[in-house]
Amino acid sequence: MPSADLHDWNLAPREAIALQTRLAGYVERADRLEPVRRIAGVDIGFEQGGEITRAAVVVLAWPPQASGESEPATLEPATLEIVEQVVHREPTRMPYVPGLLSFREVPAALAAFERLTMTPQLVMVDGQGIAHPRRIGVASHLGLWLDLPTIGVAKSRLCGRHTEPGPERGDWTPLVDGPDDEVIGAVLRSRVKVKPIFVSPGHRVSLATAIDWVTRCLGRTKLPEPTRLADRLASRRGERR
DNA sequence: GCGACAG
DNA sequence: ATCTTGTCGC
């Protein structure tokens, strides 16, 4: 893989696209992960009309801690315990351009990761993985730079075609793209009667494994816990005092 | 030329 | 993404 110092984050669209095309060749779509004990969720938010970028990383312990029998039975899914969380703020450097999201968000995410005291074995990113025009969305790009397994979890579609997934939680249909109908992700029904989410391999994770982990991390909401908690932190919610 | 378009 | 109140539903 190219050394990080060769990566310029302030590129003109034309150069950014050329770099993505080159980096896409390094994205691994086969499973290559260590036993999972910690799963991280990453998301980026903005302040002051977009002047400031906020990167949030939340690390959760796996497997879930068994719900104490003396605790108020909180229904089904066991709670994923937060073992560490970090928020990094910095001036926003690039505008949002569909297809070039990673150049706007990855720098801040990397800075946040540098402040973590523990390393996760798996990372869930808010955005697409290989379900991208050049097969290198923000999740893949971040995974490449962190050299960690990543999964893209997006709330909407960037590219590709698909049919409507079944109504039950866990139902999914393939997201395909290109003239050869290449499978680039899955449209997953994470909650009954709720718009599905788009799951795709980021780096070092197969589609089957990506779907499996996202499903295993589903709590009571539409988004899997790692992404949901990072979302809350990045966008200021959940900060009660 | 006319849409589509992660966050 | 963000600006924002109340409101429908489990």
Side-chain angles (χ1 to χ4, degrees), chain A residues 9 13 16-17 20 23-24 27 41-57 73-77 87-110 112 123-144 150-162 167-169 175-178 184-203 210 214 218-224 226-239:
Chain A
W9 295 105
I17 290 174
Q20 289 186 322
L23 294 178
V27 176
V42 191
D43 187 37
I44 276 64
F46 300 88
E47 302 174 6
Q48 303 171 29
E51 299 293 309
I52 300 298
T53 296
R54 287 170 57 94
V57 179
T74 51
L75 305 184
E76 29 191 283
V87 172
H88 167 77
R89 301 167 74 257
E90 63 173 45
T92 298
R93 60 185 75 202
M94 292 190 71
Y96 166 67
V97 178
L100 302 180
L101 180 66
S102 60
F103 293 87
R104 172 177 165 84
E105 306 194 337
V106 171
L110 289 176
V123 182
M124 287 189 195
V125 185
D126 191 324
Q128 314 289 350
I130 64 171
H132 174 281
R134 290 166 292 285
R135 309 293 182 262
I136 180 167
V138 62
S140 300
H141 203 151
L142 181 61
L144 212 47
T150 57
I151 295 173
V153 179
K155 295 180 288 297
S156 61
R157 183 193 70 89
L158 171 60
C159 68
R161 304 176 291 280
H162 68 88
E168 301 305 312
R169 162 183 289 219
L175 177 63
V176 304
D177 191 35
I184 58 176
V187 184
L188 175 69
R189 185 79 65 189
S190 56
R191 287 274 279 158
V192 177
K193 294 180 178 179
V194 170
K195 190 208 298 180
I197 58 179
F198 295 73
V199 178
S200 61
H203 182 49
V214 168
L218 286 179
R220 49 202 292 218
T221 53
K222 169 180 177 173
L223 297 174
T227 307
R228 193 205 110 219
L229 294 171
D231 236 84
R232 193 184 62 174
L233 241 193
S235 59
R236 295 230 144 174
R237 288 162 286 173
E239 42 124 78

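In the text below, chain A, chain B and the rest are named by the order of the sequence lines, each starting its count at 1. What's counted below: heavy atoms across the whole structure, side chains too, no hydrogens, waters or symmetry copies.
Comparing B/dG7, B/dA6, B/dC5 against the side chain of A/Asp126 picks out B/dG7 as the nearest. Ranking C/dT2, B/dA6, B/dG7 by closeness to the A/Asp43 side chain, first place goes to B/dG7.
From A/Leu101, atom CG reaches atom NE2 of A/His132 across 8.5 Å, with rounding to the nearest 0.5 Å.
Residue-level contact check: A/Gly152 touches neither bases nor backbone, having no heavy atom under 4.0 Å from any strand. Here A/Tyr96 lies in heavy-atom contact (under 4.0 Å) with a base. Looking at heavy-atom distances under 4.0 Å, A/Glu47 makes no contact with the nucleic acid at all. Backbone-only contact: A/Gly45 has heavy atoms under 4.0 Å from sugar-phosphate atoms and none from a base.
If you take CG of A/Leu175 and C1' of B/dA6, they are 12 Å apart, rounded to a whole angstrom. The distance from atom CG of A/Leu101 to atom P of C/dT2 is 13 Å, rounded to the nearest whole Å. Taking atom CZ of residue A/Arg54 and atom C1' of nucleotide C/dT2, one finds them 13 Å apart after rounding to whole Å. Rounded to whole Å, atom P of C/dA1 lies 6 Å from atom CG of A/Asp231. We find that CG of A/Leu223 is positioned 9 Å from P of B/dG7, with the value rounded to whole Å. Note: CD1 (A/Ile44) to C1' (C/dA1) measures 11 Å, nearest angstrom. If you measure from atom NE2 of A/His132 to atom P of B/dG7, you get 13 Å, rounded to the nearest angstrom. Taking atom CG of A/Asp177 as the reference point, atom P of B/dC5 lies 13 Å away to the nearest angstrom.
Across every non-hydrogen atom of A/Val138 and A/Asp126, the tightest pair is CG1-O, 4.0 Å. When all heavy atoms of A/Leu175 and A/Gly160 are compared, the pair lying nearest together is CD1-C, 3.8 Å. Of all non-hydrogen atoms in A/Gln128 and A/Leu158, the two that sit nearest each other are NE2-N, 3.6 Å. Listed here is the closest heavy atom pair of A/Pro133 and A/Cys159: N-SG, 3.7 Å.
Within residues 192-199 of chain A, no residue approaches DNA chain B, by heavy-atom distance under 4.0 Å.
In this structure, A/Asp43 does not pair ionically with A/Arg54, as no charged nitrogen and carboxylate oxygen lie closer than 4.0 Å. Using a 4.0 Å cut-off between charged side-chain N and carboxylate O, A/Asp177 and A/Arg135 make a salt bridge.
Using a 4.5 Å heavy-atom cutoff, the side chains of A/Ile197 and A/Pro224 are in contact.
Under the 6.0 Å distance and 45° angle rule, A/Arg93 does not count as a cation-pi partner of A/Phe103.
Distances shown here put every side-chain N or O of A/Arg157 at or beyond 4.0 Å from the OP1 or OP2 atom of B/dA4. Residue A/Ser156 places no side-chain N or O under 4.0 Å from the OP1 or OP2 atom of B/dC5. Regarding contacts with the backbone of B/dG7, a side-chain N or O of A/Lys155 is found under 4.0 angstrom from either OP1 or OP2.
With pairs defined as Watson-Crick or G-U wobble and both atom distances under 3.5 Å, not a single stem of at least three pairs touches DNA chain C.
A/Ser235 places a side-chain N or O within donor-acceptor distance of the main-chain N or O of A/Asp231, the cut-off being under 3.5 Å.
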